[in-house]
**Q** 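I'd like to ask some things about the structure below.
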Amino acid sequence: MPELPEVETFRRRIDAGALNRTVAEIRPGNDITHVELPDAAARARFEGHQFTQTRRHGKYIFVGSASGPWLNLHMGMSGSVRVYDTEDGDPDYARLVVIFEGDRRMAFRDPRKFGWVRVIDDPDAEIARLELGPDALEIDASQFADRIEGRGAVKSALIDQAKVAGIGNLWADETLYQTGIHPDTRAGDLSGKQRGDLHRTFGRILKAVCDVDAHYAELPDPWLIHRRKTGHECGRCGGTIESRKVGGRTSFYCPDHQERAT
DNA sequence: TTCCGTGTTGATAT
DNA sequence: TATATCAACACGGA
């Protein structure tokens, strides 16, 4: 369920188990119709070489090889990365399998097939081409304040990857809940203090979720993530959680402590 | 069985 | 032109 923290967790798995091993082969996995994957020539560029570094920008992972090219992974709605030993067998929904010399493998899994894998030569050029804003864990307060503007809802602005890269539906809701801002508030109407609150809060939230490797059960009890259902009790006040569509996305919020837009 | 969805894109509307 | 909305993508799970 990949937003920035899940993607960061996948990146760390690659760092921990897939770097500095020679690639024997990269193979397409199971049931790959409708999945965008590198062709044979692109895959062959990695054979005999090692991956030496990873980067993450927003929800995108880059895995760089000593020979120059990078794998660029996007998880879509249901993608994940697994590093495992050959004897354990390829996981279900493995769409691309990297086979290292020895007994190690790395798979890109994607049950719903919204993700993809590409081979690129320059991550910075790719980030520009994808029109991604600064990464959510790197953007500073003044940059953020400048980028959150417009007539649309703050909820929509937070999940706009061109403004800030990495915040998705769940953590946008969590950020608004923890700052007491209603999701319908117009982005351009936010005060300087509110912009600062939002920046500080999503930074803290995303870091905390990364720190528990995106295991939601380990997050603090009052958080909205544990009560994303209409009628549940708010964890911060006596309110009752409600939901509504904002910018086409379901948004959960507490009408009691998240002030209605004026 | 029917509905929903953690993401992104492209067409359409304002 | 800029901005906003919404269906579509494919599939598993509630």
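Order of the sequence lines sets the chain letters (A, B, ...), proteins ahead of strands, with each chain counted from 1. Values in this document were obtained by computation on a predicted structure and should not be read as measured data. All values below were derived from every heavy atom in this structure, side-chain atoms included, with hydrogens, water molecules and symmetry-related copies excluded.
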**Q** Base, sugar-phosphate, or nothing for A:K245, non-hydrogen atoms under 4.0 angstrom?
**A** sugar-phosphate

**Q** Would you say A:S78 reaches B:dG5's phosphate, i.e. side-chain N/O to OP1/OP2 under 4.0 Å?
**A** no

**Q** Which nucleotide in the list C:dC11, B:dT8, B:dG7 gets nearest to the side chain of A:Q161?
**A** B:dT8

**Q** Atom NZ of A:K155 to atom P of C:dC6: distance rounded to whole Å?
**A** 14 Å

**Q** Among residues 105-130 of chain A, which ones have heavy-atom contacts with DNA chain B below 4.0 Å?
**A** A:R112, A:F114

**Q** Using heavy-atom distances to pick each residue's nearest nucleotide on DNA chain C, tell me which of A:G248 and A:R95 is more 5'.
**A** A:G248

**Q** C:dC11 P sits how many Å from A:M77 CE, rounded?
**A** 14 Å

**Q** Could you give all pairs that pass the ring-ring contact (aromatic ring centres under 6.0 Å, His included) test and reach residues 219-254 of chain A, with sequence neighbours left out?
**A** A:H182-A:Y253

**Q** Would you kindly say whether A:Y93 and A:D31 are connected by a side-chain donor-acceptor distance under 3.5 Å?
**A** no

**Q** Report yes if some heavy atom in the side chain of A:L190 is under 4.5 Å from a heavy atom in the side chain of A:I181; otherwise report no.
**A** yes

**Q** Does A:Q258 reach the main-chain N or O of A:C254 with its side chain, forming a donor-acceptor pair under 3.5 Å?
**A** yes

**Q** Does A:H34 put a side-chain nitrogen or oxygen below 4.0 Å from OP1 or OP2 of C:dC9?
**A** no

**Q** Roughly, in whole Å, what's the span from CD in A:E131 to C1' in B:dT8?
**A** 13 Å

**Q** Would you say C:dC11 has OP1 or OP2 under 4.0 Å from some side-chain N or O of A:Y93?
**A** no

**Q** Return yes if a side-chain donor-acceptor contact under 3.5 Å exists between A:T250 and A:N169, otherwise no.
**A** no

**Q** By a strict heavy-atom criterion of less than 4.0 Å, which residues belonging to residues 56-64 of chain A are in contact with DNA chain B?
**A** A:K59, A:Y60

**Q** Between P on C:dA2 and NZ on A:K163, what's the gap in Å once rounded to a whole number?
**A** 13 Å

**Q** Go through the side-chain N and O atoms of A:R204 and A:Q178 and say whether any donor and acceptor fall under 3.5 Å apart.
**A** yes

**Q** For the pair made of CD1 in A:I32 and C1' in C:dC11, what is the distance, rounded to whole Å?
**A** 17 Å

**Q** Given the rule that a pair is Watson-Crick or G-U wobble with both distances under 3.5 Å, how would you write DNA chain C in dot-bracket, using | for pairs to a different strand?
**A** .||||||||.||||

**Q** Between A:R151 and C:dA4, is there a contact of a side-chain N or O with OP1 or OP2 at under 4.0 Å?
**A** no

**Q** Just jot down the salt bridge (Lys or Arg N to Asp or Glu O under 4.0 Å) partners of A:D15, sequence neighbours excluded, or say none.
**A** A:R11

**Q** Look at atom CD of A:E47 and say whether more than 12 heavy atoms of other residues, nucleotides or ligands are closer to it than 6.0 Å.
**A** yes

**Q** Using a 3.5 Å distance criterion without hydrogens, assess whether the side chain of A:D85 forms a donor-acceptor pair with backbone atoms of A:R105.
**A** no

**Q** Do we see a donor-acceptor contact under 3.5 Å between the side chains of A:T230 and A:E242?
**A** no

**Q** If I take atom CG in residue A:L170 and atom C1' in nucleotide B:dG7, what distance separates them, rounded to the nearest angstrom?
**A** 11 Å

**Q** Among Ile, Leu, Val, Met, Phe, Trp and Tyr joined by side-chain contacts under 4.5 Å, find the other residues sharing a cluster with A:Y60 and list them by chain and number.
**A** A:F62, A:W70, A:W116, A:I120, A:I127, A:L130, A:L132

**Q** Report the distance from atom CE of A:M75 to atom P of B:dT8, rounded to the nearest whole Å.
**A** 11 Å

**Q** Please state whether the rings of A:Y177 and A:H257 are parallel, tilted or perpendicular, taking 30° and 60° as the class boundaries.
**A** perpendicular

**Q** Between A:R249 and B:dG7, is there a contact of a side-chain N or O with OP1 or OP2 at under 4.0 Å?
**A** yes

**Q** Over how many whole Å does the gap from A:L224 atom CG to B:dT6 atom P extend?
**A** 12 Å

